Amino acid sequence: MISSRKAIREYSGQITDYQLHEILTAANASPVAMGQYDNYRLTVIQDPATLAKMSGVYDAPTVIVVSTNNAGAPEEVSAGAIVHNMELAAEDQGLGANYNMGGLSSIPADVIPSGFTPVFGLTVGQTTEKFAPREVPMDRIKTNFVK
């Protein structure tokens with residue numbers, strides 16, 4: 001799935017409850033800094049009226065937001081790991097998904113739990129895109145070896 005992953009910005013329909021469950025299972029299997037899972041909240045936004053108020057979410061039928069009550073570098077890295085697990089779980093089910101930070105500032109204030117700050121999001125939905133493995137150049141990220 002890793003070599004097939006790609007950003008999807010066009011969606012053709014809503015995900016099922018089962019698909020959402022699988023995505024949330026992947027989120028809960030994610031590593032977080034110092035195992036402090038209570039510092040995080042997931043907010044699943046599927047309400048069309050709420051989504052219509054948000055910008056930068058590509059008309060996705062589902063947006064999943066990871067929030068923390070202690071925003072800092074470790075929490076943001078952990079939020080990235082949570083979103084990455086969810087993204088791979090979505091695409092493993094043939095769903096379209098895309099990492100999203102651009103839409104966070106447009107989330108209506110009453111949507112995120114009190115005391116939490118949104119730090120990373122994921123847009124998700126059905127897609128007509130096909131996922132096929134691709135060649136990943138091994139020099140994309142320059143690597144230093146110390147042996």
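Quick caveat: nothing in here was measured; it's all calculated off a predicted structure.
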Q: Taking everything shown except Lys53 itself, do over 12 heavy atoms lie less than 6.0 Å from its NZ?
A: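 Atom NZ in Lys53 is not packed in, count stays at 12 or less.
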Q: Quickly, which of Ile107, Ile45, Asp110 forms a side chain to side chain contact (heavy atoms under 4.5 Å, CB included) with Thr50? Name it, please.
A: Ile45
Q: Verify the cluster assignment for Leu51 and Phe120: are they in a single hydrophobic cluster under the rule of side-chain heavy atoms below 4.5 Å apart?
A: yes
Q: Are there more than 12 heavy atoms of other residues, nucleotides or ligands under 6.0 Å from atom CG of Asn70?
A: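 Yes - once you tally the heavy atoms of other residues, nucleotides and ligands closer than 6.0 Å, there are more than 12.
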Q: Starting from the C-alpha separation in whole Å, work towards a yes-or-no answer on side chain to side chain contact (heavy atoms under 4.5 Å, CB included) for Val124 and Ile8.
A: CA-CA 8 Å; Val124 186; Ile8 302 298; over 6 Å; no
Q: If you look at every heavy atom in Ser106 and Ser55, which pair is closest and at what distance?
A: OG-N, 2.9 Å
Q: Is Val77 linked to Phe116 within one hydrophobic cluster, defined over Ile, Leu, Val, Met, Phe, Trp and Tyr using a side-chain heavy-atom separation of less than 4.5 Å?
A: no
Q: Determine whether the side chains of Gln14 and Gln46 contain a donor N or O and an acceptor N or O closer than 3.5 Å.
A: yes
Q: Answer whether the closest heavy-atom distance between the side chains of Thr127 and Leu95 falls below 4.5 Å.
A: no
Q: Taking Val111 as the starting point, is it possible to reach Tyr58 by hopping between hydrophobic residues whose side chains are less than 4.5 Å apart?
A: no
Q: Testing the 3.5 Å rule here: is there a donor-acceptor pair between the side chains of Tyr11 and Thr62?
A: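 No - no donor-acceptor pair under 3.5 Å links their side chains.
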Q: Report the distance from atom CD1 of Ile23 to atom CD of Gln93, rounding to the nearest 0.5 Å.
A: 5.5 Å
Q: Nearest 0.5 Å please: distance from the CD1 atom of Ile64 over to the CG atom of Asn100.
A: 11.5 Å
Q: If you define the side chain from C-beta out and look only at heavy atoms, does anything of Phe131 sit under 4.5 Å from Lys6?
A: yes
Q: State whether a side-chain donor-acceptor pair under 3.5 Å links Ser30 with Asn85.
A: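 Checked: Ser30/Asn85 side chains pair up, N/O donor to acceptor below 3.5 Å.
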Q: Minimum heavy-atom separation for Ala90 and Ala97, please, with both atom names.
A: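 Shortest heavy-atom contact: CB-CB, 4.0 Å.
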Q: From Arg41 CZ over to Thr117 OG1, what is the distance, rounded to the nearest 0.5 angstrom?
A: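 So the CZ of Arg41 and the OG1 of Thr117 are separated by 12.5 Å.
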Q: Nearest 0.5 angstrom please: Met138 CE to Thr143 OG1, how far?
A: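 The CE atom of Met138 sits 6.0 Å away from the OG1 atom of Thr143.
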Q: So which atom in Tyr40 and which in Val66 form the shortest heavy-atom distance, rounded to 0.1 Å?
A: CD2-CG1, 4.3 Å
Q: Under a single-linkage definition using a 4.5 Å side-chain heavy-atom cutoff for Ile, Leu, Val, Met, Phe, Trp and Tyr, are Met101 and Leu88 assigned to the same hydrophobic cluster?
A: no
Q: Can any side-chain N or O of Arg134 pair as donor or acceptor with the backbone N or O of Ser3 at less than 3.5 Å?
A: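 Yes, because the side chain of Arg134 sits within donor-acceptor range (under 3.5 Å) of the backbone of Ser3.
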Q: Should Pro61 and Ile15 count as side-chain neighbours, where that means a heavy-atom distance under 4.5 Å?
A: no
Q: Measure the shortest side-chain to side-chain distance between Val63 and Met54 over non-hydrogen atoms and say whether it is less than 4.5 angstrom.
A: yes
Q: Side chains of Asn28 and Ile82: closer than 4.5 Å at any heavy-atom pair?
A: no
Q: Tell me the closest heavy-atom pair linking Asn98 and Ala7, and the distance in Å.
A: OD1-CB, 3.3 Å
Q: Is Tyr37 reachable from Leu24 through a run of I, L, V, M, F, W or Y residues, each pair having side-chain heavy atoms under 4.5 Å apart?
A: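 In one cluster: yes.
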Q: Over all heavy atoms of both residues, which pair between Ala71 and Val119 is shortest? Give the atoms and the distance, please.
A: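 So the two residues come closest at CB-CG1, 4.4 Å.
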Q: Return yes if some donor-acceptor pair links the side-chain N/O of Thr43 with the main-chain N/O of Ile112 below 3.5 Å, else return no.
A: no
Q: Is a donor from one side chain sitting under 3.5 angstrom from an acceptor on the other, for Gln19 and Thr16?
A: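 Looking only at side-chain atoms, Thr16 and Gln19 do form a donor-acceptor pair, the distance falling under 3.5 Å.
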Q: From Leu20 CG over to Thr25 OG1, what is the distance, rounded to the nearest 0.5 angstrom?
A: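 If we round to the nearest 0.5 Å, Leu20:CG and Thr25:OG1 are 9.0 Å apart.
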Q: Measuring from Ser67:OG to Asn39:CG, what's the distance to the nearest 0.5 Å?
A: 12.0 Å
